[in-house]
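In what follows, a single structure is set out as structure tokens and then discussed.
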Amino acid sequence: MKKTALITGITGQDGSYLAELLISKEYEVHAIVRRETLENSEKLKNIAHIENKITLHAGSLSDHLSIYKIFAKVLPDECYHLAGSTFVDYSFDEEFQTISSNFSSTHYLLSIIKELKPACRLFFAGTSEMFGEPVEFPQNEKTPFNPKSIYGISKVSSYYLIKNYREKENIFACTGIMYNHESPRRGNQFVTKKIVTAAVKIKKGLQKEIFLGNLDAKRDWGYAKDYVLMMWKILQQDKADDYIMATGKLHSVREFLDIAFSYLGLDYRDYFKIDQRFFRASEKLPLCGDTEKLISAIGFQHTKSLHEIVEEMIEAELKGYE
Ligand code: G4F
């Protein structure tokens with residue numbers, strides 16, 4: 001029988017790739033989206049090509065009744081909770097909104113699953129920002145959390161909720177602690193997309209320079225399509241558990257910049273300018289995931305190197321000019 005999945009955050013990079021994956025696996029795919037998103041073709045651009053293969057339900061994740069009614073109608077076998085703010089803001093601006101929407105939506109989903117369909121499996125999108133200023137390197141599933149942003153705090157609190165529903169209520173609920181993962185669908189505010197967009201514009205003579213923060217900052221960058229496959233695999237395991245989702249490899253912003261500009265036959269040193277506004281507090285230990293559990297339990301293999309990810313992003317950006 002066809003499986004049914006419910007996705008939150010379907011219009012984003014991960015949600016849209018996940019929807020494609022589940023369609024290819026013959027799932028019936030449903031998603032909760034804000035009513036105003038349904039009327040905004042720009043916000044729907046990542047799923048425009050699959051719109052006739054999915055069912056979108058207008059609803060608000062901050063409204064229990066709204067989620068309850070959609071869930072009751074869909075009664076999914078699997079639920080992927082990917083929605084939430086994704087840009088890491090180290091100020092505490094919008095703290096109440098961030099905490100309450102990220103935490104409550106997870107809480108609502110868990111309690112609705114318990115009430116309406118306890119057999120439904122739940123994947124929750126965690127983040128390396130739960131480690132914030134990490135206390136060890138690399139980080140594994142036992143590394144103590146040390147979040148330094150409201151975003152990180154909201155994810156840590158949701159993580160404990162997930163863990164408690166799993167242990168006390170026997171719900172198959174898992175947190176994937178995801179490190180940075182990129183693709184042509186990455187949001188413009190993230191450094192990789194910012195670099196790729198600028199490099200292509202510079203190549204085309206539409207922009208002269210790029211302003212960046214700390215070029216020596218390092219990240220564990222993976223490929224977004226790999227991460228959605230991991231999400232699915234995590235929900236197919238015999239036992240629910242939490243996993244670090246990472247590559248275990250570090251690269252600097254400078255390396256990313258160099259790969260992107262070189263691919264276009266440019267030397268980044270001729271075009272970049274440092275802008276203090278984009279600097280963040282210094283990172284004593286970098287965020288880098290220990291992939292041992294992911295590899296031994298899920299048997300996961302990454303499909304693209306950083307070079308290949310950058311190339312795909314540049315090629316997609318160039319296509320936008322055709
Ligand atoms: O691309 P970023 O803004 O991503 P960041 O903050 O690591 O967050 C992403 O990954 C997290 C998982 O690890 C997710 F939780 C989160 O939702 C999001 O997906 O910044 C990457 C690095 C940072 O070290 C930053 O300091 O790039 C450095 N950077 C240097 N110059 C810059 C810039 N980042 C941005 N956004 N813009 C710059 O000009």
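Atoms within a ligand are numbered from 1 in the order they appear, just like the ligands themselves.
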Heavy-atom nearest option to atom 3 (O) of ligand 1, drawn from Arg254, Glu182, Arg219, Arg280: Arg280

Where ligand 1 meets Ser128 - atom numbers and elements under 4.0 angstrom, heavy-atom basis: 12 (C), 13 (O)

Ring geometry between His57 and His30 (parallel below 30°, tilted from 30 to 60°, perpendicular above 60°): parallel

More than 12 heavy atoms from other groups under 6.0 Å of NZ on Lys114: no

Donor-acceptor under 3.5 Å (Lys155 side chain, Ala125 main chain): yes

Lys194 neighbourhood, listing ligand 1 atoms whose heavy-atom distance to it stays under 4.0 Å: 37 (N), 38 (C), 39 (O)

Ser262 side-chain N/O to Ile259 backbone N/O, donor-acceptor pair under 3.5 Å: no

Per-residue contact class, Gln189 against ligand 1 - non-hydrogen pairs under 4.0 Å: backbone

Over-ring placement of Arg219 relative to Tyr179, 6.0 Å and 45° cut-offs: no

4.0 Å heavy-atom contact, Met178 with ligand 1: yes

Gap separating the CD atom of Gln139 from the CD atom of Glu141, nearest 0.5 angstrom: 11.0 Å

CD (Glu315) with more than 12 external heavy atoms under 6.0 Å: yes

Sub-4.0 Å atoms of ligand 1 with respect to non-hydrogen atoms of Glu129: 15 (F)

Close approach, Tyr151 and ligand 1, non-hydrogen under 4.0 angstrom: yes

Proximity flag Leu287 to ligand 1, non-hydrogen atoms under 4.0 Å: no

Stacked cation flag Lys304 on Tyr223, 6.0 angstrom / 45 deg: yes

Close approach of Arg186 to ligand 1, heavy atoms, under 4.0 angstrom: yes

Side-chain ion pair, Asp77 and Lys117, N-O less than 4.0 Å: yes

Sub-3.5 Å N/O-N/O distance, Thr192 and ligand 1: no

Short N or O distance, Trp221 and ligand 1, threshold 3.5 Å exclusive: no

Ligand-side contact atoms (ligand 1) for residue partner Ala217, heavy atom cut-off under 4.0 Å: 24 (O)

Shortest reach to atom 5 (P) of ligand 1 by a heavy atom, considering only Asp220, Asn180, Val191, Ile195: Asn180

Working for side-chain hydrogen bond (donor to acceptor under 3.5 Å, both in side chains), residues Asp14 and His181: CA-CA 9 Å; Asp14 294 0; His181 44 287; 2.6 Å; yes

Polar contact flag for Tyr179 and ligand 1 (N/O pairs, less than 3.5 Å): no

Ligand 1 atoms in contact with Phe278 (distance to a heavy atom under 4.0 Å): 38 (C), 39 (O)

Nearest neighbour of atom 30 (C) of ligand 1 from the list Asn214, Ile210, Thr127, on a heavy-atom basis: Asn214

Ligand 1 atoms in contact with Gly213 (distance to a heavy atom under 4.0 Å): 30 (C), 31 (N), 33 (C), 39 (O)

Val253-ligand 1 polar pair, N/O distance under 3.5 Å: no

Spacing of CZ belonging to Phe278 relative to CG belonging to Leu212, to within rounding of 0.5 Å: 7.5 Å

